[in-house]
Structures are given as C-alpha cells and as structure tokens.
Amino acid sequence: QVQLVESGGGLVQAGGSLRLSCAASGRSFRSTAMGWFRQAPGKAREFVTTISFSGGRTYYADSVKGRFTISRDNAKNTVYLQMNSLKPEDTAVYYCAASRNLGVYTRESQYDYWGQGTQVTVSS
C-alpha cells in the first residue's frame with residue numbers, strides 16, 4: 001500500500017506560480033513511478049505529467065509543456081509539481097498518483113494509488 005498526501009494548492013493570479021508537493025508513505029518510494037493528473041469542474045480527469053522511479057525520465061501533456069516541471073526527492077519520499085505561467089484553464093483539482101511500475105505512464109489505469117487531491121484556482 002502507498003498513501004499519498006498532496007499539498008500546496010491555492011488561489012493565484014494568472015501568470016503566477018505554485019508548487020505542489022505529494023508526500024508518499026508505505027511501499028518503497030524509490031521503486032514507484034509517479035504522476036500528476038487534474039480534473040476541472042465538469043470535465044474528466046486528465047493527465048498532466050509523469051516521472052520515472054529514478055527521476056531520469058519525464059513526460060508532459062502538451063498543455064503544460066514548458067510551464068510545469070515535475071521532480072522527485074527519493075530521500076524525502078516526495079514528488080513535486082512546479083507550475084509557472086499559470087492560466088485560468090489550469091484551474092482544477094490536482095491529484096498525485098503512484099504506479100507499482102518504474103517507467104513513465106499517461107493513463108489513469110496505469111496507476112495503483114491516488115491522493116485525495118488539492119485545489120488549484122487561477123484567477124484572470
């Protein structure tokens with residue numbers, strides 16, 4: 001089992017920045033691929049970014065490429081999402097997810113554990 005707790009969400013103006021954190025406990029974090037997804041009101045949850053177990057591989061949705069950066073600190077069992085140049089369309093609940101596998105994954109079905117989510121609101 002893996003428990004995931006997100007933090008760092010909040011209200012920010014367009015053009016601003018936020019850094020989300022996801023603290024993991026339970027299964028060895030070092031052998032767990034991680035991802036971030038988001039769900040806007042009235043929309044399906046969508047993939048944002050993913051990072052491999054070692055941090056050596058990352059992948060981003062086109063909508064956030066160049067603005068968001070995923071990273072991980074395996075010593076702290078934490079994955080981060082640095083979000084810059086935020087837009088109103090980035091408003092959503094952001095979810096951290098963990099996979100029992102090691103690579104980079106874009107589909108919800110490839111993840112085994114989910115956090116409770118943290119709200120990000122970007123005002124125009």
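As a basis for the values below, the full set of heavy atoms in this structure was taken, side chains included, without hydrogen atoms, waters or symmetry mates. None of these values were measured; they are calculated from a predicted model.
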Nearest 0.5 angstrom please: [X] [atom1] to [Y] [atom2], how far?
X     : Y      : atom1 : atom2 : answer
Gln13 : Ser124 : CD    : OG    : 9.5 Å
Gln82 : Ser21  : CD    : OG    : 9.5 Å
Thr32 : Leu102 : OG1   : CG    : 8.0 Å

Is the side chain of [X] donor-acceptor paired with the backbone N or O of [Y] at a distance under 3.5 Å, no angle test?
X     : Y      : result
Thr49 : Tyr59  : yes
Ser99 : Ala33  : no
Arg67 : Ser63  : yes
Asn74 : Phe53  : yes
Ser52 : Val104 : no
Asn84 : Ser17  : no
Tyr60 : Ile70  : yes
Glu46 : Gln39  : no

If I compare all heavy atoms of [X] with all of [Y], which pair ends up nearest, and what's the gap?
X     : Y      : value
Ala40 : Thr91  : CB-O, 3.6 Å
Leu11 : Ser123 : CD1-CB, 4.3 Å
Asp90 : Ser85  : OD2-O, 4.4 Å

Derivation and outcome, side chain to side chain contact (heavy atoms under 4.5 Å, CB included), residues Trp36 and Thr50: CA-CA 6 Å; Trp36 287 96; Thr50 177; over 6 Å; no
Same cluster (ILVMFWY, side-chain, under 4.5 Å), Val12 and Leu81: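 The answer is yes; both residues are in one hydrophobic cluster.
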Shared hydrophobic cluster for Trp114 and Val48 (ILVMFWY, side-chain gaps under 4.5 Å):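 Different clusters.
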Do [X] and [Y] touch side chain to side chain, with heavy atoms closer than 4.5 Å?
X      : Y     : result
Gln3   : Gln1  : yes
Arg19  : Met83 : no
Asp112 : Val2  : no
Asp73  : Tyr80 : yes
Leu86  : Leu18 : yes
Tyr105 : Met34 : no
Thr78  : Phe29 : no

Pi-cation contact, Tyr95 with Arg38 (under 6.0 Å, within 45°):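 Arg38 over Tyr95 ring: no.
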Stepwise side chain to side chain contact (heavy atoms under 4.5 Å, CB included) test for Phe47 and Glu108: CA-CA 8 Å; Phe47 166 76; Glu108 291 185 50; over 6 Å; no
Pairs involving residues 75-124, ordered by first then second residue, that meet disulfide (SG to SG under 2.5 Å) (sequence neighbours left out):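 Of all non-adjacent pairs touching residues 75-124, those that pass disulfide (SG to SG under 2.5 Å) are Cys22-Cys96.
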Output field: ring centroids Phe37/Tyr111 closer than 6.0 Å: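 Between Tyr111 and Phe37, which both carry aromatic rings, the centre distance is below 6.0 Å.
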Tyr94 and Phe68 aromatic ring geometry - parallel, tilted or perpendicular at 30°/60° bounds: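 The rings of Phe68 and Tyr94 sit tilted, inter-plane angle from 30° to 60°.
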From CA spacing to verdict: side chain to side chain contact (heavy atoms under 4.5 Å, CB included), Val120, Leu20: CA-CA 9 Å; Val120 171; Leu20 305 183; 4.0 Å; yes
Residues Asp62, Lys65: salt bridge by 4.0 Å N-O rule: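 Answer for the salt bridge query: yes.
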Set of residues satisfying salt bridge (Lys or Arg N to Asp or Glu O under 4.0 Å) with respect to Arg72, sequence neighbours excluded: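 Residues passing salt bridge (Lys or Arg N to Asp or Glu O under 4.0 Å) with Arg72: none at all.
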